[in-house]
Number of protein chains: 4
Amino acid sequence: MLNRVILIGRLTADPELRYTNNGTAVASFTLAVDRMRSNSNGERQTDFINIVVWNKLAELVSQYLQKGRMAAVDGRLQIRTYENRDGQRVRVAEVVAEGVRFLDRGEGNQSAKSASAAPPVKNNTSPAPSKQPDFGPYDDPFADDLPPGFEEDLPF
Amino acid sequence: MLNRVILIGRLTADPELRYTNNGTAVASFTLAVDRMRSNSNGERQTDFINIVVWNKLAELVSQYLQKGRMAAVDGRLQIRTYENRDGQRVRVAEVVAEGVRFLDRGEGNQSAKSASAAPPVKNNTSPAPSKQPDFGPYDDPFADDLPPGFEEDLPF
Amino acid sequence: MLNRVILIGRLTADPELRYTNNGTAVASFTLAVDRMRSNSNGERQTDFINIVVWNKLAELVSQYLQKGRMAAVDGRLQIRTYENRDGQRVRVAEVVAEGVRFLDRGEGNQSAKSASAAPPVKNNTSPAPSKQPDFGPYDDPFADDLPPGFEEDLPF
Amino acid sequence: MLNRVILIGRLTADPELRYTNNGTAVASFTLAVDRMRSNSNGERQTDFINIVVWNKLAELVSQYLQKGRMAAVDGRLQIRTYENRDGQRVRVAEVVAEGVRFLDRGEGNQSAKSASAAPPVKNNTSPAPSKQPDFGPYDDPFADDLPPGFEEDLPF
DNA sequence: TTTT
DNA sequence: TTTT
């Protein structure tokens, strides 16, 4: 069936990058998404939405996104259910991002990145890139589906 | 910020219609949204996603949708937090539907509707409608924004 | 950048399946998408939107969709510009479908399919399938990105 | 039916604000939306997509957006058909924006605004605002649908 | 006709 | 648990 979610918001913290037993990269972060409520005037509401990213995109995200930065996420809503330590069934909603677009350049809390308490999941041996990557972080995940000479030989 | 969700799925049960203290109608139901997992071949995964609908649309939904029927939902993802009876903070994710489109006619479990254990929230005094309403259930919520004579006097 | 379009509508005609010089399958059809206009009451407006589909999905679409059938399309909006026979530059808007979901079963004009004047692009040697394919037509194009044992070894 | 489009791109020029005979404000602009093509490596493709905005939002857009600025648009795809001066039937695709979010602050070509050749459609008598409006430009168009005391009296 |  |  159809399941699509598009969000724009700011990271509440640096992304966390981990690896599954199979060595698959998976990053997670929370997006603060504001919404307007016109009735109770001025009242600002925020949804804190958990995002999960896999594979190559996970590594890009953990390299280029930090706390406070704005991002657009295109993905699908997923409800995961698991048993917690008390044996209770817990439902977790998260958006599995299929595309992520970085929307501002370093206006976020730059220092927050190095403040991360987590083990050095990020590849600090290579110096931090000084600018956005040339290959856009939002590699159209469908692009591979396009035939080599798209415009040239459209049969109509 | 931007927050948009589009889903197609089937109702796991009849919608529940309630009213707030202010007399505002609010309906809720769960949508079973299948997804394909190409790796573990044939494995079918389903996300059960809670939907909330307000006002006039809530009443339409509770009138025309039943368990098993297919629907498209256009809305936004909302994370609600509350304390449960054990004093624990619980996060609930739900999609607030701004538009709902009914996608099949009565192929769902028709009798399930009357099996609802809830108090008679539905208006059973008026006989059930035998066909779809003429006014589409998916009233474009933005349509009011359009000026009266749209095409006629476009200034370009 | 972000570019996403989600539509539900009905096919105005059978899809046309062609092949590029490279042998890539490409199907095209038009979706009639109704919209409500609440002001000029009752007035029904329809947008006729051209859809393009590539590769395996193109063949699925041309096999299972016909004139009159309802479908959901998930894709991106593309503006193509070309010179017509009069040397005029023409802009064409079309939605490149990345996912297509078939929303009703054969209630459309079944016979219209065989009325297609095009060369036999459809595989008529194999008998027409009597039911929906078991593999859903809306193969999540991202599913391959998911790691083999998703739930089992999530590192959080 | 369902018709939703979400775009992120940059304005190719200042928005043009006009008024219908009825005095309804309508703004239009073009969004340059890049896309990646992974096959023909490095090749950058751009779709130039026309956006139309009505009413209050039209005036906000013409006040706060200029050439080069980045914006997110949430709306629907509309196909308008008209006869041109040569009597030819022309199809125009445009996205009717229901929500617009301004995504960067003044990094675009600021001076371009005053370079507009159009008659003074913008209210130049009041000095240009030095910062974003406090009321977000992306007023959720559905917000009015929410009941006054949403969270307080949810009946479940 | 086009934006970074 | 939270971002500007």
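Small disclaimer: the values here were computed from a predicted structure and weren't measured.
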* Grab the CD1-C1' distance between Ile49(D) and dT2(E) for me, whole Å please. => 13 Å

* **Under-3.5 Å donor-acceptor pair between Thr46(D) side chain and dT3(E) base** => yes

* **Separation of atom CG in Leu31(D) from atom P in dT4(E), rounded to whole Å** => 12 Å

* Arg4(C)/Asp74(C) salt bridge by N-O under 4.0 Å criterion -> yes

* Only counting residues at least two apart or in another chain, list the ones meeting side-chain contact (heavy atoms from CB on, under 4.5 Å) with Asn50(C). => Thr30(C), Glu94(C), Arg91(D)

* Side-chain donor/acceptor contact of Arg91(B) with base of dT2(F) under 3.5 Å -> yes

* Asked: Are any side-chain N or O atoms of Asn3(D) and backbone N or O atoms of Leu7(C), one a donor and one an acceptor, separated by less than 3.5 Å?
  -> no

* Asked: To the nearest Å, how far apart are Arg10(A) CZ and dT3(F) P?
  -> 12 Å

* Calculate the interatomic distance between Leu11(D) atom CG and dT2(E) atom P; express it in whole Å. => 16 Å

* Asked: Stacking here means centres under 5.5 Å and planes under 30°; does Phe48(A) stack on dT2(F)?
  -> yes

* Asked: Just how far, in rounded Å, is C1' of dT4(F) from CG of Leu103(A)?
  -> 14 Å

* Asked: Looking at dT2(F), dT3(E), dT4(F), which one has an atom nearest to any side-chain atom of Thr12(A)?
  -> dT2(F)

* Structure fact -> Gln66(A) CD to dT4(F) C1', in whole Å, measures 15 Å

* Measure from the side-chain heavy atoms of Ala32(A) and tell me the nearest of dT3(F), dT4(E), dT2(E). => dT3(F)

* What's the CD-C1' distance between Glu16(D) and dT2(E), to the nearest Å? -> 13 Å

* Listed partners of Asn84(B) passing side-chain contact (heavy atoms from CB on, under 4.5 Å), at least two apart -> Tyr82(B), Asp86(B), Gln88(B), Val90(B)

* To do: Round to the nearest Å and state the distance from Arg44(D) atom CZ to dT3(E) atom C1'.
  => 12 Å

* **Nucleotide nearest Thr30(A) (side chain, heavy atoms from C-beta), chosen from dT2(F), dT2(E), dT4(F)** => dT2(F)

* Under 3.5 Å: donor-acceptor pair, side chain of Asp34(A), backbone of Thr46(A) -> no

